[in-house]
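Beneath this line is the structure, given in structure tokens, with notes to follow.
What you see below is based on every heavy atom in this structure, not just the backbone, and it leaves out hydrogens, waters and symmetry mates.
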Amino acid sequence: MESGGSKRRVVVVGGGIAGSILARSIQFNADLTIIDPKEYLEIKWAQLRSKVEPSFAERAVVNYRDFFTNGRIVTSAAINITENEVLTADGRHIGYDYLVIATGHSDNVPLTRTERLHYYDAENQKIQSARSILIVGGGPSGVELAGEISTDFPNKKVTLVHKGPRLLEYIGPKASDKGLSLLRSKKVDIKLQQSVDLKSASDGSQVYRTSTGESIKADCHFLCTRVPLSTAWLNETILKTNLDKDGRLMVDEYLRVKGRNNIFAIGDITDVPELKLGHAAIHHAYLVAKNLKLLMGGGKESKMSVYKPGPEVAMVSLGRKHAVAQFPFATLGGRIPGLIKSGDVFVGRTRKHLGLEP
């Protein structure tokens with residue numbers, strides 16, 4: 001079993017934005033290990049800009065060692081948890097005093113930063129060489145990708161197909177309507193309440209058929225549907241009874257897994273009733289870092305900070321100058337919210353949280 005010295009052993013499973021900010025925040029207060037199948041953090045809200053501008057990914061894909069300098073990085077997947085160890089796919093047994101689960105979503109991404117940057121070069125070439133592009137999925141990823149492509153490549157024919165009755169169903173109808181209007185103003189063809197049989201173009205015809213019988217000609221397609229949570233593996237662990245029906249970990253007001261004094265969960269995998277967005281994950285990370293420092297320093301549990309979800313704010317970028325923003329008091333679309341987000345899609349701000357130059 002791998003273990004440390006006099007400091008308390010903290011293991012963070014998952015190196016997304018929540019796990020990374022937490023690890024950076026406590027790296028000098030604990031004997032710390034990050035477990036993740038890849039060697040880098042990717043700022044996910046930059047992914048769609050990186051497809052139209054591959055050089056943008058240089059700032060959004062960051063090796064862990066650029067900000068996490070005092071601890072171990074285990075490049076493997078966690079496959080089991082016992083009362084005092086995490087087991088990994090490469091056969092390691094890593095002991096813990098405190099455990100943080102931050103696995104986010106099940107993304108199929110390459111091991112190294114170099115491979116990930118090459119992926120964006122290939123995606124960009126796919127866009128550049130196509131005259132017509134099909135986007136499947138009208139959630140935030142599909143809408144943002146349609147905005148990015150239609151802004152940077154206005155002469156390309158972009159079609160977006162979504163099976164739901166409106167775009168951006170995770171936020172309010174006003175925001176959905178504004179997103180729809182902005183995309184249509186960019187000449188994006190939007191088809192709602194339809195699905196696409198992607199296999200229908202497998203004959204090389206480049207013609208895709210929808211559930212209503214329509215035909216869509218496209219030189220390439222991008223699948224932008226929901227990615228599942230990365231929690232299925234927990235069904236084989238001591239936390240199997242702590243998952244709700246949606247596969248989220250049930251947590252208390254301190255973001256501890258319910259019934260567990262030394263196991264926390266942060267990010268999208270928690271059952272906190274809030275929009276699952278980056279700024280919430282960052283808030284989780286700082287709160288749990290504060291609570292861990294308190295506990296490792298001998299502080300009383302009664303002094304731990306309580307997590308309170310912030311106001312429901314959501315922003316969807318639609319290219320470099322436009323966005324849709326939903327605030328508690330108003331919903332805006334166009335250049336004003338675009339000034340807030342769309343310039344660098346919050347990459348500079350996020351890098352500051354990691355102690356890096358914007």
Salt bridge (Lys or Arg N to Asp or Glu O under 4.0 Å) partners of [range], not counting sequence neighbours, each pair once:
range            : result
residues 260-286 : Glu83-Arg260
residues 133-143 : none
residues 165-180 : none
residues 233-254 : Asp252-Arg256

Test side chain to side chain contact (heavy atoms under 4.5 Å, CB included) on Leu287 and His284 and set out the steps. CA-CA 5 Å; Leu287 181 120; His284 291 189; 6.0 Å; no
In short, ring pair (Phe, Tyr, Trp, His ring centres under 6.0 Å) pairs touching residues 319-358 with sequence neighbours left out are Tyr286-His353, Phe327-Phe329
State, yes or no, whether a side-chain contact exists between Met315 and Ile340 at a heavy-atom distance under 4.5 Å. yes
Can you tell whether the side chains of [X] and [Y] come within less than 4.0 Å, N to carboxylate O?
X      : Y      : result
Asp189 : Lys157 : yes
Asp36  : Lys38  : yes
Lys191 : Glu214 : yes

For Ser181, the side-chain contact (heavy atoms from CB on, under 4.5 Å) test, sequence neighbours excluded, returns none
Tell me, please, which residues at least two apart from Pro358 pass side-chain contact (heavy atoms from CB on, under 4.5 Å). Lys352
What's the separation between atom CG in Asn291 and atom OG in Ser305, rounded to the nearest 0.5 Å? 5.0 Å
Set of residues satisfying salt bridge (Lys or Arg N to Asp or Glu O under 4.0 Å) with respect to Arg24, sequence neighbours excluded: none
Are the side chain of Thr231 and the backbone N or O of Gly247 linked by a donor-acceptor pair below 3.5 Å? yes
Apart from [X] itself, residues in the same hydrophobic cluster as defined by side-chain heavy atoms under 4.5 Å:
X      : answer
Val136 : Leu134, Val161, Val196, Leu198, Tyr208, Ile216, Leu223
Ile79  : Leu87
Phe28  : none

Step-by-step side chain to side chain contact (heavy atoms under 4.5 Å, CB included) determination, Tyr119 to Lys51: CA-CA 9 Å; Tyr119 162 81; Lys51 288 178 186 284; 2.8 Å; yes
Find out whether the Lys NZ or Arg CZ of Arg65 is both under 6.0 angstrom from the six-membered ring centre of Phe67 and within 45° of the ring's axis. no
Lys217 atom NZ, over 12 foreign heavy atoms within 6.0 Å: yes
Is the number of heavy atoms from other residues, nucleotides or ligands under 6.0 Å of Arg226 CZ greater than 12? no
Could you list all the side chain to side chain donor-acceptor pair (under 3.5 Å) pairs where at least one residue sits in residues 147-156, not counting sequence neighbours? Arg49-Glu148, Thr151-Lys186, Asp152-Arg320
Using the ring of each side chain (for Trp, its six-membered ring), is Phe264 parallel, tilted or perpendicular to Tyr98, with breaks at 30° and 60°? tilted
